[in-house]
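All remarks here apply to the structure that follows.
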Amino acid sequence: MNPSSSPFLIYLFLSIYNFLILLCFILRLLFHLFEILVKNLTKAMNMFQDWPEPIVRVQSLSQSNLKAIPNRYVKPLSQRPNLPSQNHHNKHNPVTAAIPIIDLGGLYTNDITLHAKTLDEISKACKEWGFFQVVNHGMSPQLMDRAKETWRDFFHLPMELKNMHANSPKTYEGYGSRLGVEKGAILDWSDYYYLHYCPLSLKDYTKWPSLSLHRREILEDYCKEMVKLCENLMSILSRNLGLQEDILQNAFGGKEESGGCLRVNYYPKCPQPELTLGLSPHSDPGGLTILLPDEQVAGLQVRGCDDAWITVEPAPHALIVNIGDQIQMLTNSIYKSIEHRVIVSPAKERLSLAFFYNPKGNIPIEPLEELVTEDSPALYSSTTYDQYRQFMRTQGPRSKSHIDELRSPR
Ligand code: OGA
Ligand code: NI
């Protein structure tokens, strides 16, 4: 070997050695970063698969005859309801407001004046209240009663049977007892059942409660009628805006792609109704909601214009319609999605069927260009309903904080 080459060899050897050490170090660092990434991803994914804490059924709590409700359900002082018994409704503090009751029969007569008057009432209600009751809506009272009866029977089944349909935060379909996945959150005093009815691609009968064929048909008929009514209202609302009658429906992705889901809310009786809520203040994240309320037990409260909570007194066989956040955004806030909440009763359980009619999940929702002018610029930035509803699904009901977040800076 040539002696002059030995320092070179040593140098070469040391360089390779250093390079290998550096490479090892970089690989270890990359591996470590990858490990952190996987860990966080799994954590994020689990957030949507599992509830953060064991689920407690509010119905079981109610049936255990507790004198005091667990702390998990006690709302901070500022959020507790002012129950009517504590409220002094006298001439100094009258409760005179009531949400409008609109007879939809006026739309199906030949009387042009009555027809126009009915449209006008709906227009006003959407602008001023965001909430109204409808009667003569075309839905058979028997079907409404049977649908309620079917669900009441479901909630009266033994817990083991109901738990076979326990839901997860991934899709929320099935039997549930909380909205939102934040560990340690203060919960609402209610259980629910949630299912997708349309579009067809999301309808999954394995997520429906196990019911007799007859009951299944009732459920199916009820949802079908709900979709019909929603489609009808969508064209009425569009015409009332002075636009083509299919404009809102198209903005939702068309009839075939629009979403429809049912949430049946079950509010067990509560030993301390003054400390909690059946459903915390929220506005509905979707498009339109049609609520079949419990006629025996009032509970729904709507935030009036002076911020007071107004208890809705359901008219016989009326349905309650309210505008959701997606329509508030599409109409650039001409139609209002109003905050509401539910109070519970010490003496009686309450059951309500909320049907939500929503845009297709992945299309942009933003103020309709026909409604945006120099004088009324777009108030909201674009979003999709899939994105939007993750907020409710992770954080639970939070007043109107989400739609307010999407307000464009002015
Ligand atoms: C809802 C809702 C009211 C009620 O489900 O979003 O507001 O009376 N329900 O149950
Ligand atoms: Ni609601």
Side-chain angles (χ1 to χ4, degrees), residues 58-59 79 81 98-99 129-134 144 147-148 151-152 155 167 172-180 187-197 222-223 226 230 259-270 273 276-304 309-315 318-328 335-345 348-358 385 388-389 391-393 395-403:
V58 177
Q59 187 176 13
Q79 290 170 25
I99 67 167
W129 282 93
F131 257 91
F132 51 100
Q133 301 198 46
V134 289
M144 295 164 75
K148 258 193 279 193
W151 283 107
R152 212 178 275 282
F155 283 101
N167 74 346
Y172 271 83
E173 286 164 290
Y175 180 47
S177 293
R178 66 182 287 165
L179 295 168
L187 301 178
D188 289 339
W189 190 263
S190 54
D191 300 322
Y192 62 86
Y193 203 101
Y194 183 74
L195 50 86
H196 288 297
Y197 179 70
Y222 182 83
C223 291
M226 280 288 140
C230 288
C261 16
L262 181 69
R263 189 172 66 219
V264 184
N265 298 299
Y266 180 74
Y267 306 97
K269 61 183 180 181
C270 176
T276 190
L277 288 167
L279 195 49
S280 291
H282 67 283
S283 57
D284 291 346
L288 265 183
T289 305
I290 304 206
L291 185 86
L292 173 57
D294 194 319
E295 279 177 33
Q296 314 305 319
V297 194
L300 173 63
Q301 295 189 318
V302 175
R303 179 89 88 172
W309 289 104
I310 297 158
T311 304
V312 176
E313 280 162 27
L319 290 165
I320 299 169
V321 179
N322 67 282
I323 303 290
D325 294 348
Q326 306 305 303
I327 289 194
Q328 174 167 330
Y335 292 162
K336 308 287 189 304
S337 165
I338 298 293
E339 212 179 329
H340 51 285
R341 69 179 189 183
V342 175
I343 54 172
V344 285
S345 152
K348 285 185 178 166
E349 63 177 33
R350 177 174 181 272
L351 181 95
S352 71
L353 274 60
F355 190 83
F356 303 109
Y357 195 65
N358 305 324
Y385 183 53
Y388 193 89
R389 76 166 152 206
F391 183 85
M392 177 72 116
R393 289 188 167 191
Q395 306 210 5
R398 296 245 174 132
S399 305
K400 295 215 36 155
S401 55
H402 191 33
I403 191 163

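Order of appearance sets the numbers: ligands from 1, and atoms from 1 within every ligand. Along the sequence shown, residues are numbered consecutively beginning with 1.
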Legend entry - Element-labelled atoms of ligand 1 that are located less than 4.0 Å from some non-hydrogen atom of Val342: 3 (C), 4 (C), 8 (O), 10 (O)
Legend entry - Side chains of Asn167 and Tyr194, donor plus acceptor under 3.5 Å: no
Inset, instruction - Just jot down the ligand 1 atoms closer than 4.0 angstrom to any heavy atom of His340, in number order. - result: 7 (O)
Inset, instruction - Measure the shortest side-chain to side-chain distance between Ser190 and Val342 over non-hydrogen atoms and say whether it is less than 4.5 angstrom. - result: no
Inset, instruction - Please identify each residue that fulfils side-chain contact (heavy atoms from CB on, under 4.5 Å) with Thr276, with sequence neighbours left out. - result: Ile69, Tyr73, Lys75, Trp189, Cys270, Val344
Inset, instruction - Please identify each residue that fulfils ring-ring contact (aromatic ring centres under 6.0 Å, His included) with Tyr266, with sequence neighbours left out. - result: Phe155
Inset, instruction - Using the test side chain to side chain donor-acceptor pair (under 3.5 Å), find all partners of Gln328 that sit at least two apart in sequence or belong to another chain. - result: Tyr380, Lys400
Legend entry - Pair Gln301-Thr311, side-chain donor/acceptor within less than 3.5 Å: yes
Inset, instruction - Return the residue, atom name and 0.1 Å-rounded distance of the protein heavy atom closest to atom 2 (C) of ligand 1. - result: Leu279 CD2, 3.5 Å
Inset, instruction - Evaluate the ring planes of Tyr192 and Tyr172, with Trp represented by its six-membered ring, and classify them as parallel (under 30°), tilted (30 to 60°) or perpendicular (over 60°). - result: parallel
Inset, instruction - With heavy atoms under 4.0 Å as the rule, classify the contact between Thr289 and ligand 1 as side chain, backbone, both or neither. - result: neither
Legend entry - Ligand-side contact atoms (ligand 1) for residue partner Ala354, heavy atom cut-off under 4.0 Å: 5 (O)
Legend entry - Minimum-distance protein heavy atom relative to atom 5 (O) of ligand 1: Arg263 NH2, 2.8 Å
Inset, instruction - Measure the shortest side-chain to side-chain distance between Tyr222 and Leu353 over non-hydrogen atoms and say whether it is less than 4.5 angstrom. - result: yes
Legend entry - Salt bridge Arg152-Asp294, side-chain N to carboxylate O under 4.0 Å: yes
Inset, instruction - Would you list the protein N, O or S atoms within less than 2.8 Å of the Ni ion (ligand 2), leaving out water? - result: His282 NE2, Asp284 OD1, His340 NE2
Inset, instruction - Drop me the distance from Thr289's OG1 to Ile320's CD1, to the nearest 0.5 angstrom. - result: 11.0 Å
Legend entry - Numbering as shown, the atoms of ligand 1 that approach Leu291 to under 4.0 Å (heavy-atom distance): 3 (C), 4 (C), 8 (O), 9 (N)
Legend entry - Ligand-side contact atoms (ligand 1) for residue partner Phe356, heavy atom cut-off under 4.0 Å: 5 (O), 6 (O)
Legend entry - Nearest-0.5 Å distance that lies between atom CG in Asn322 and atom CD1 in Ile338: 9.5 Å
Inset, instruction - Indicate the atoms forming the closest heavy-atom contact of Pro293 with Arg350, along with that distance. - result: CB-NH2, 4.4 Å
Inset, instruction - For Arg341 and ligand 1, answer yes if some heavy atom of the residue is under 4.0 Å from a ligand atom, otherwise no. - result: no
Inset, instruction - Among all protein heavy atoms, pick the one closest to atom 8 (O) of ligand 1 and tell me residue, atom and distance. - result: Arg350 NH2, 2.9 Å
Inset, instruction - Return the residue, atom name and 0.1 Å-rounded distance of the protein heavy atom closest to atom 9 (N) of ligand 1. - result: Asn265 ND2, 3.6 Å
Inset, instruction - Just jot down the ligand 1 atoms closer than 4.0 angstrom to any heavy atom of His282, in number order. - result: 1 (C), 2 (C), 6 (O), 7 (O)
Inset, instruction - Heavy-atom contacts with Leu300 under 4.0 Å: which atoms of ligand 1 show up? List them by number with element. - result: 3 (C), 8 (O)
